Structure formats: C-alpha cells, structure tokens
> 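Attaching a single structure in structure tokens format; questions to follow.
Keep in mind that this is a model prediction, so the values were computed, not measured.
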Amino acid sequence: MTQVTQSPTPDGRQYDYPKAKIYSVLGDTEHRIILRVLADADEPLSLEELTRATLLDEEFDREISASVLRGLMLDIFLPVLKSADVIEADTGYNKIGPGAHLEAYLEIATAVDELYDRHFGGR
C-alpha cells in the first residue's frame, strides 16, 4: 500500500488542503454571496437564477457585468464550490443546490464576519 504524505510548507508546517479550500472560498466575496443565496433558497437554482441573485446582493461589485459574472461562475466559482462539496450541481449547472458542507462554510463565514465587525468596526 502506498502512503501519501503532504509536503511541508516553507516554514515547516504541513499543508492542510481542506483548510486551504475553506480559506479560498471565504476569501472571495462572490463565493460568500453564493453561500448566502443558496442557504436562503427553498429549492435548487439554475445558473441564471443564481447569477441574478448574486448580482442583486449588496456586497457584489457593481462594476462586474452579468455576462462576466456568468463566465466567472462557470469557470471559477462553481467548480471551486463543487470540489469543496459546498454545492451539488448537475452537468451544465442547470440545478445548483446545497452540498454536504454548505452549512459549515456558511457558519464559518458568519463567524468571520462577526469577528471582523467586533475587531475592526464593520465593513
């Protein structure tokens, strides 16, 4: 049996891939918006519905157009969330719903927001 080992980071710590995924998701505003939108949805959303709801979120960068956001959703945001098991989606992202880890990621994002507000006085 082959044993898999992780390479140490430059400072000697072991690389924690699941933790790195969490940091990647939480460090991106659009990912965090998608988490909230899906948590508030009563049923799975289509790519168009998710894009529209993301565009309407108060935190969304208004300088990004709907067509650019749709491309980013397909190329970056949704594949990252799917690989982290935050969303479940069919091929083509016609139905996007919560994955096994959506609640955990949302809870972590909320805690980060609360800590930020407490220490730095809001957004």
> Of all the heavy-atom pairs spanning Leu47 and Met73, show the shortest one and how long it is.
CD1-CB, 3.9 Å
> Tell me which one of Leu106, Thr110, Val112, Asp57 satisfies side-chain contact (heavy atoms from CB on, under 4.5 Å) with Arg32.
Val112
> What is the distance from atom CD of Glu30 to atom CD1 of Ile34, rounded to the nearest 0.5 Å?
7.5 Å
> Got a donor-acceptor contact below 3.5 angstrom from the Lys21 side chain to the Leu81 backbone?
no
> Where is the tightest heavy-atom contact between Tyr93 and Ile96, given as atom of each residue plus distance?
O-CD1, 3.7 Å
> To the nearest 0.5 Å, what is the distance between CG on Leu69 and CZ on Arg52?
12.0 Å
> With Phe77, which residues qualify under ring pair (Phe, Tyr, Trp, His ring centres under 6.0 Å), at least two apart?
His31
> Test of understanding: clusters of I, L, V, M, F, W, Y form through side-chain heavy atoms closer than 4.5 Å, transitively. Do Val68 and Val80 belong to the same one?
yes
> If I take atom CG from residue Asp85 and atom NE2 from residue His101, how far apart are they, to the nearest 0.5 angstrom?
4.5 Å
> Could you see if Ile33 belongs to whatever hydrophobic cluster contains Tyr116? Use Ile, Leu, Val, Met, Phe, Trp, Tyr and a side-chain cutoff under 4.5 Å.
no
> Given side chains that start at C-beta, do those of Leu35 and Val86 come closer than 4.5 Å, heavy atoms only?
yes
> Do Tyr23 and Ile87 belong together in a cluster built from hydrophobic side chains that touch within less than 4.5 Å?
no
> Using a strict threshold of under 4.0 Å (side-chain N to carboxylate O), is an ion pair present between Glu48 and Arg70?
yes
> Taking side chain to side chain contact (heavy atoms under 4.5 Å, CB included) as the test, write out the residues that go with Ile22, two or more places apart.
Leu26, Tyr105, Ile108
> If I compare all heavy atoms of Thr54 with all of Phe60, which pair ends up nearest, and what's the gap?
O-CB, 3.3 Å
> How far apart are the C-alpha atoms of Glu88 and Lys82, what are their side-chain angles, what is the distance that settles it, and do they pass the salt bridge (Lys or Arg N to Asp or Glu O under 4.0 Å) test?
CA-CA 6 Å; Glu88 289 183 2; Lys82 192 171 182 180; over 6 Å; no
> Please find the pair of heavy atoms, one from Arg62 and one from Leu55, that lie closest to each other, and give the distance.
NH1-O, 2.5 Å
> Do side-chain atoms of Asp90 reach the backbone of Lys95 as a donor and acceptor pair under 3.5 angstrom?
yes
> Looking at every non-hydrogen atom in both residues, tell me the closest pair between Val37 and Leu45 and how far apart they are.
CG1-CD1, 3.7 Å
> Looking only at non-hydrogen atoms, find the nearest pair between Pro98 and Leu102 and report the distance.
CB-CD2, 3.3 Å
